[in-house]
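Every heavy atom of this structure was used, including side-chain atoms; hydrogens, water molecules and symmetry mates were not. The structure presented is a predicted model; accordingly, all values stated were derived computationally and were not measured. One-based numbering along the sequence shown.
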Amino acid sequence: MLNPQQQAAVEHCDTPLLVLAGAGSGKTSVITQKIAYLIQRKRLAPSRIAAITFTNKAAREMRERVGKLVSADDAAALTVSTFHALGLKFLQIEHERAGLRRGFSVLDADDSGGIVKELAPKGVKNDVLFGIRNLLSRAKNGGLSPEEALAAARSPRELEAATIYDLYQQRLAAFNAVDFDDLIRLPLRILESDAECRDAWRERLRYLLVDEYQDTNDAQYRLLKALTGERGGITCVGDDDQSIYAWRGANPENIDQLGRDWPNLRVIKLEQNYRCGKRILRAANKLIANNPHLHEKKLWSEHPEGAPIRVLECKEAEHEAERIAAVATTLAEKHKARWEDMAILYRGNFQARPLEKALRLARIPYHLTGALSFLDRAEVKDLLCYLRLLTNPSDDAAFLRVVNVPKREIGATTLEKLGQFAQSRHSSLLDATRSDSVLRQLTPRPAAALASFATLLDELRSASLHESAADLVERILKRTGYAAQIAASTPDAAVRERKLGNLKELADWFRAMQKGGNTAGDLASQLALLSHADRDEPGNAVRMMTLHAAKGLEFRFVFIVGCEDGTLPHEGAIDEGRTDEERRLMYVGITRAKELLTLSWCAQTKRWGDIHRNQPSRFLHELPQDDLHWQGKDPEADKEITRETAESHMAKIKAMLAGG
């Protein structure tokens, strides 16, 4: 069942549409129902529809929901993907126009970071290196070529980054590889410069639906515009109040740009919230009203008022963590809440440590979003690099990672000589290992090891032509001796089983994704696009995450910690006049809560060894005070909080005495 505004958004197809969807207003229902409407009522072939969002997890969930509304064949023909997955699909089809050979590699952040480090001045500090990588990424997200970035440089640091950008792209071209940002930049460059290709893709994709539109950057917006053209077959769904990614290039001005580029744009507002209690929603509305808006909206809800919003004053971070653990324990024991119903949100990952300690002491299971993910495990990355190298022999980054995995007695000096030879001949490192002239320059043992490695890869590549990706993973493990090395070099049985289990999971993933005739290299590229959030399976545990990571999620009970000036809003944002985005971040946190919201702040914090006195966040004073219970202002409510804390401590002592 859709409300009138949702129904209007589903049925409007004649001109471009902007759906301003407030938090919890059912925007995913609008997108999925509109896809079904386009197929069933407008008779548009599903292969000509693309729904685009920002995470693979969101895309997967959207596809599942669409699958309940249309036939299996129609669902399979749809394009439901992230921007970057769409860019990958484009480049796999148009690789020649992009100057790539078939089977190109997608470098992950570690690979691209390693190349930037090699090209940067020797001895450069990590923070400077990070700044260069960030400037390079921003140039790409702005759709700039190396030449354009060089012309646009306005400072010595930008000039240095633009120079490295040019060398970096030369290195990627030699590797027959692209990085994450190229998956948008290269399709954009082709579509904007090649009318024939642009017309073909506009015919291929007749209607676009874009989720989380407020998070698009300049290059992504230009890509949408190039794919849509004057026809305007596009629906953009977003919320300017939830634009919190300016630090990674997102441009909330893209919402206003839609109306300038398509004067016939229609705007529909979704203001009914299906998630939050009235009190929580009032607080969110009051807070965000302090930001400027081109399109005013005010969320409303039919849910009950809900409990007052608690504001806890704490002595310092450890005390804050103990109090949060106490409230969580009470919710679980008295209200029979499940741990997975609770989330603890914070501004920065540095705030997690005392919270982890307090939850462990209270015997509360928790899941830390953003911790080392499955795809970051060394053994998984090693296997993916083997697959990349089999598909793309020019992938030097993959070669360097696995040439000595397992150990083959190939040292740094040998690899340096190999690299010099490959550079002089403009060949890949793997090709250089097949040269008798370079092998004669090496001592016998590493020369034999390199020749043996090249022969092994030839054998595996031959097998890859007629084996599934899952079978190929298992063959690599056996023929390289990788699994045997893990078994022999990992004395801890639990760690050993976890590593081998990760490799089995990788093979299982490939087996599940093998449908559709994808090669092992195609699947490895798809895996490279997955983020931490795409692999998070926390189970029944309290979720701990940054406010940025919480967008799109909802929980019965939400704790936002560190609500003091200097933390939220962040000190740097205050100094630079960026409190509007910090306020949007607080708004996102508040609107994650369905039933109970607890806000806490610390009277003092320790920074760089010094004690700083804090003031409550200015955002707390912008909330409707009648809906807040500030500790110390209501004696009866204070007694309840004190009782909860005491009961939590008693439960902890009993558990310790019982050996639990």
Side-chain angles (χ1 to χ4, degrees), residues 2 6 9-10 13 16-19 21 26-94 106 180 183-184 187 191 201-216 220-221 223-224 226-228 233-239 509-510 512-518 522-523 525-531 533-536 551-553:
L2 300 177
Q6 290 173 325
V10 166
C13 304
L17 174 66
L18 170 63
V19 180
K27 64 183 178 65
T28 306
S29 293
V30 167
I31 294 174
T32 54
Q33 292 281 355
K34 185 157 192 171
I35 292 171
Y37 183 84
L38 287 167
I39 295 171
Q40 296 165 351
R41 301 292 293 276
K42 291 295 184 177
R43 302 299 180 187
L44 186 60
S47 61
R48 294 187 170 187
I49 300 171
I52 307 169
T53 187
F54 274 81
T55 68
N56 288 280
K57 183 178 181 181
R60 186 169 60 249
E61 291 173 352
M62 189 180 294
R63 182 180 289 280
E64 289 172 356
R65 290 179 65 169
V66 173
K68 297 176 182 178
L69 302 174
V70 301
S71 71
D73 288 343
D74 285 347
L78 287 165
T79 295
V80 183
S81 71
T82 64
F83 272 98
H84 292 91
L86 179 63
L88 175 61
K89 178 181 179 180
F90 179 97
L91 290 177
Q92 286 171 338
I93 294 171
E94 308 288 356
V106 179
F180 203 60
L183 296 176
I184 305 298
L191 289 168
W201 275 85
R202 286 178 180 176
E203 186 63 25
R204 180 192 290 264
L205 298 177
R206 298 285 294 175
Y207 205 95
L208 302 178
L209 301 101
V210 187
D211 192 15
E212 303 290 2
Y213 174 72
Q214 76 282 345
D215 293 335
T216 54
Q220 288 163 343
Y221 176 73
L223 183 67
L224 293 173
L227 287 169
T228 305
I234 189 170
T235 291
C236 296
V237 183
D239 181 6
W509 190 90
F510 279 131
M513 292 295 292
Q514 193 63 40
K515 299 173 184 177
N518 290 316
D522 291 338
L523 296 176
S525 294
Q526 290 178 36
L527 262 183
L529 301 187
L530 296 185
S531 66
D534 298 319
R535 301 292 308 195
D536 267 344
K551 192 158 74 70
L553 303 177

Are side-chain heavy atoms of [X] and [Y] found at a separation under 4.5 Å?
{"X": "I184", "Y": "H84", "result": "yes"}
{"X": "V237", "Y": "V210", "result": "no"}
{"X": "I49", "Y": "S47", "result": "no"}
{"X": "L86", "Y": "L227", "result": "yes"}
{"X": "T55", "Y": "E61", "result": "no"}
{"X": "V19", "Y": "C236", "result": "no"}

Restricting to non-hydrogen atoms, name the atom on [X] and the atom on [Y] that form the minimum distance, rounded to 0.1 Å.
{"X": "G67", "Y": "A75", "result": "CA-CB, 4.1 Å"}
{"X": "L2", "Y": "S29", "result": "CD2-CB, 4.4 Å"}
{"X": "K27", "Y": "A21", "result": "CB-CB, 3.6 Å"}
{"X": "I52", "Y": "T82", "result": "CG2-C, 3.9 Å"}
{"X": "L38", "Y": "C13", "result": "CD2-SG, 3.8 Å"}

Taking NZ, NE, NH1 and NH2 as the nitrogens, is one of them in K551 or D215 under 4.0 Å from a carboxylate oxygen of the other?
-> yes
For K34 and A9, indicate whether the former's side chain and the latter's backbone hold a donor-acceptor pair under 3.5 Å.
->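 Side chain of K34 to backbone of A9, a donor-acceptor pair under 3.5 Å: yes, one is there.
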Across all chains, not counting sequence neighbours, the side-chain contact (heavy atoms from CB on, under 4.5 Å) partners of A36 are Q40, L69, V70
By side-chain contact (heavy atoms from CB on, under 4.5 Å), which residues pair with R41, not counting sequence neighbours?
->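 Scan of R41 (side-chain contact (heavy atoms from CB on, under 4.5 Å), adjacent residues dropped) gives Y37.
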Take F90 and L183 through the test side chain to side chain contact (heavy atoms under 4.5 Å, CB included) and record every step on the way to the result.
-> CA-CA 9 Å; F90 179 97; L183 296 176; over 6 Å; no
Identify which one of T32, I35, T53 satisfies the side chain to side chain contact (heavy atoms under 4.5 Å, CB included) criterion when paired with L209.
-> I35
Are Y207 and T228 linked by a side-chain donor-acceptor pair shorter than 3.5 Å?
-> no
With sequence neighbours left out, what residues match R65 under salt bridge (Lys or Arg N to Asp or Glu O under 4.0 Å)?
-> none
Of all residues at least two apart in sequence or in a different chain, which pass the salt bridge (Lys or Arg N to Asp or Glu O under 4.0 Å) check with R63?
-> none
Between [atom1] on residue [X] and [atom2] on residue [Y], distance to nearest 0.5 Å:
{"X": "S81", "Y": "N56", "atom1": "OG", "atom2": "CG", "result": "8.5 Å"}
{"X": "R206", "Y": "L208", "atom1": "CZ", "atom2": "CG", "result": "11.0 Å"}
{"X": "M62", "Y": "T28", "atom1": "CE", "atom2": "OG1", "result": "5.5 Å"}
{"X": "D211", "Y": "T235", "atom1": "CG", "atom2": "OG1", "result": "11.5 Å"}

Which ring pair (Phe, Tyr, Trp, His ring centres under 6.0 Å) pairs, counting each pair once, include a residue from residues 46-75, with sequence neighbours left out?
-> F54-F83
Pairwise ring pair (Phe, Tyr, Trp, His ring centres under 6.0 Å) hits with a residue in residues 55-79, at least two apart | none
Show the numbers, then the answer: is there a side chain to side chain contact (heavy atoms under 4.5 Å, CB included) between I234 and L17?
-> CA-CA 6 Å; I234 189 170; L17 174 66; over 6 Å; no
Who pairs with [X] by side chain to side chain donor-acceptor pair (under 3.5 Å), at least two apart in sequence or on another chain?
{"X": "E94", "result": "R97, W201"}
{"X": "T79", "result": "K89"}
{"X": "R202", "result": "none"}
{"X": "Q214", "result": "E212"}

Provide the full list of salt bridge (Lys or Arg N to Asp or Glu O under 4.0 Å) pairs with a residue in residues 70-81, sequence neighbours left out, each pair given once.
-> none
